[in-house]
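If you scroll down you'll find the structure; I have some questions about it.
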Amino acid sequence: MLVFGNWPRVDLALRRITPLLLTLGLVILSQVPMQLPSPMPITPGFAVIAVYFWALHQPDLIPAPAVFAIGIFQDILGGLPIGLNAFILLVLYGIVVSQRRYFFGKSFGVLWWGFATVAVVIGALEWAMMSILSATVLSVMPIVVEQLTTAALYPVVAYVFVLTHRSILREA
Amino acid sequence: MRHRPENILRMTAPLRGFAHRFAYVFLLAAALGILLLGKADPLVFQRARTTVTDITAPVLDALSRPAVTVSQVIEEARELARLREENIVLRAENERLLKWQNAARTLLAENKQLQALLGFRPPEDAKSVTGRVIGDSGGAFVRSVLVNAGARDGVRKGDAALTGKGLLGRVAEVGERAARVLLINDLNSRIPVVIERSRERAILAGDNSVTPRLLYLPITTTVQVGDRVVTSGHGGAFPVGLPVGVVTSISDDGVRVLPFADATNVEYVRLMDFGLQGILNVSDDDDQPSNAAKRQAKGRR
């Protein structure tokens with residue numbers, strides 16, 4: 001490959017920022033109205049998948065400030081109370097980074113199961129926070145559906161991230 | 001929601017270095033702080049919201065087109081399969097509607113004559129902008145949609161959002177090229193309504209479910225399942241008589257109303273400016289929130 005000037009460094013920087021850009025792109029994608037014939041809107045939590053995946057495989061590609069930024073972006077775009085997702089994603093990030101050693105070298109099935117478990121925990125946290133903010137006990141059904149959808153979509157999104165990760169590793 | 005700092009530190013132990021840990025805890029606290037600040041004064045982040053929405057609107061606009069196309073193809077295939085029976089239903093409905101049209105024409109003429117007799121001054125015609133829905137609400141706990149029409153198209157905060165069938169919500173945020181419509185079944189939506197048959201006033205309060213609830217009905221209410229609910233015009237936010245929905249259940253749980261506008265499957269929205277300066281309808285000036293805006297912020301809490 002021809003190498004000239006600063007190009008390799010720029011290339012590497014671009015590759016390192018790809019996970020963040022990809023995640024922001026997925027957040028936008030989750031906002032697209034799917035016109036599904038369902039009684040409640042279903043918004044897959046792509047950001048949750050992204051933070052889980054990168055915190056597990058290579059936390060330095062999505063550092064805490066990036067997680068914060070993703071959360072704020074999601075809050076603004078979705079018309080949620082600003083700071084809600086930032087807080088929840090940071091909690092998720094903390095949990096996953098602290099449990100990295102446990103997941104090390106485990107099969108994909110275990111990682112998926114781990115994701116489902118974490119999705120339940122942060123779903124409960126989101127429900128509790130929204131209930132407190134609105135000073136009412138909210139119905140749990142919507143968040144259950146949302147987290148189930150997200151858990152079901154995990155393999156698809158994770159596959160895209162695995163490809164991205166490989167391409168970054170190849171060049172780094 | 002209190003956290004003991006040592007817990008957080010233990011949890012994040014593998015985050016190498018003090019700086020990392022400090023940054024993490026700081027960001028966590030910042031997120032919580034922003035959340036509470038935004039809760040205390042919803043107008044603080046107005047500018048940030050509209051800016052980000054404006055920047056993302058063109059992307060969402062482009063992305064939502066294929067999504068709509070796909071759903072249209074599915075819908076068309078389904079319709080094709082049901083063409084015959086649908087045709088029969090439509091014929092019957094058409095016949096019924098023609099009778100109604102007749103009745104409406106007669107009433108319209110009569111109404112005009114009576115208005116002329118009384119010297120009644122009709123309200124000014126509403127201005128309306130039609131926008132496409134380009135974004136869904138952001139998750140399980142909000143019911144709102146993003147529409148690709150904003151201030152440059154003449155949309156104003158407080159405008160009524162209607163589909164062909166009825167009231168969908170009201171404009172809660174206006175950017176330059178996009179606006180957010182708070183749906184009537186959102187937790188924060190309160191709409192003054194009246195039962196069409198009995199003229200009883202109530203507030204239609206959303207609770208994020210498909211069927212919002214009627215609050216503050218008189219104790220002596222004669223509300224029945226099947227009653228139509230329309231806007232009452234109180235509070236000056238909406239004009240009188242916009243169709244809202246139909247009462248579907250009366251139980252200990254309260255009186256539930258199924259909105260005419262199907263929020264889960266809406267593609268185009270008409271944003272109507274009725275020129276009303278009600279309590280919800282404030283000019284939004286980001287730099288100097290007017291007194292009205294402050295009042296509104298207080299009222300919403």
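Order of the sequence lines sets the chain letters (A, B, ...), proteins ahead of strands, with each chain counted from 1.
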Given heavy-atom pairs under 4.5 angstrom as the criterion, report whether the side chain, backbone, both or neither of A/Thr136 touches chain B. side chain
Is A/Pro44 close to chain B through its backbone or its side chain, or both, or neither, when contacts mean heavy atoms under 4.5 Å?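 A/Pro44 has no heavy atom closer than 4.5 Å to chain B.
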For B/Thr56, run the side chain to side chain contact (heavy atoms under 4.5 Å, CB included) check against A/Ile28, A/Val27, A/Ile76 and tell me which one passes. A/Ile28
Taking the side chain as everything from C-beta on, heavy atoms only, tell me whether B/Leu27 gets closer than 4.5 Å to A/Val67. no
More than 12 heavy atoms from other groups under 6.0 Å of CZ on A/Phe103: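 Enclosed.
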Heavy-atom distances under 4.5 Å only: say whether B/Ser64 touches chain A with side chain, backbone, both or neither. both
At a heavy-atom distance under 4.5 Å, which candidate from B/Ala30, B/Ala29, B/Ala31, B/Ala178 has the highest pair count against chain A?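 If we count pairs closer than 4.5 Å to chain A, B/Ala31 comes out on top.
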Checking heavy atoms, do the side chain of A/Ile82, its backbone, both or neither come under 4.5 Å from chain B?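 Contact with chain B involves both backbone and side-chain atoms of A/Ile82.
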Interatomic spacing from CZ in A/Phe87 to CG in B/Leu28 - rounded to 0.5 Å: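 That separation rounds to 4.5 Å.
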List the residues meeting side chain to side chain contact (heavy atoms under 4.5 Å, CB included) with A/Val120, not counting sequence neighbours, and say none if there are none. none
Per the salt bridge (charged side-chain N to carboxylate O under 4.0 Å, His left out) rule, what does the pair list look like for residues 49-74 of chain A, sequence neighbours excluded? A/Arg16-A/Asp60
Verdict with reasoning, A/Phe68 to B/Ile34, per side chain to side chain contact (heavy atoms under 4.5 Å, CB included): CA-CA 12 Å; A/Phe68 181 80; B/Ile34 291 173; 3.8 Å; yes
Flag the one option from B/Thr53, B/Val52, B/Asn185 with the top tally of heavy-atom pairs under 4.5 Å to chain A.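 Among the listed options, the one with the most contacts to chain A is B/Val52.
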Taking B/Lys39 for the side chain and A/Pro81 for the main chain, is one N or O donor matched with an acceptor at less than 3.5 Å? no
What part of B/Leu63 is in contact with chain A, defined as an atom under 4.5 angstrom from a non-hydrogen atom: side chain, backbone, both or neither? both
Whether the side chain of B/Arg49 engages the backbone of A/Leu77 through a donor-acceptor N/O pair (distance < 3.5 Å, no angle test) should be reported. no
Using a cut-off of 6.0 Å, state whether more than 12 heavy atoms not belonging to A/Phe108 lie near its atom CZ. yes
Applying side chain to side chain contact (heavy atoms under 4.5 Å, CB included), run through A/Gln31 and B/Leu60 and close with a yes or a no. CA-CA 8 Å; A/Gln31 283 297 303; B/Leu60 274 170; 3.8 Å; yes
For a quick test of reading the model, state the closest non-hydrogen atom pair linking B/Leu187 to A/Ser134 and the distance between them. CD2-CB, 3.2 Å
Quick check for you: to the nearest 0.5 Å, what is the distance between A/Met129 atom CE and B/Phe141 atom CZ?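 It is 11.0 Å, given to the nearest 0.5 Å.
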A/Ile72 versus chain B, the contacting section by heavy-atom distance below 4.5 Å: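 Only the side chain of A/Ile72 comes within 4.5 Å of chain B.
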Specify the closest pair of heavy atoms between B/Tyr24 and A/Ala64, including all atoms of both residues, with the distance to one decimal.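 Result for this residue pair: CD1-CB, 4.3 Å.
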Around B/Lys165, counting heavy atoms of other residues, nucleotides and ligands shown, do more than 12 lie under 6.0 Å from its NZ? no
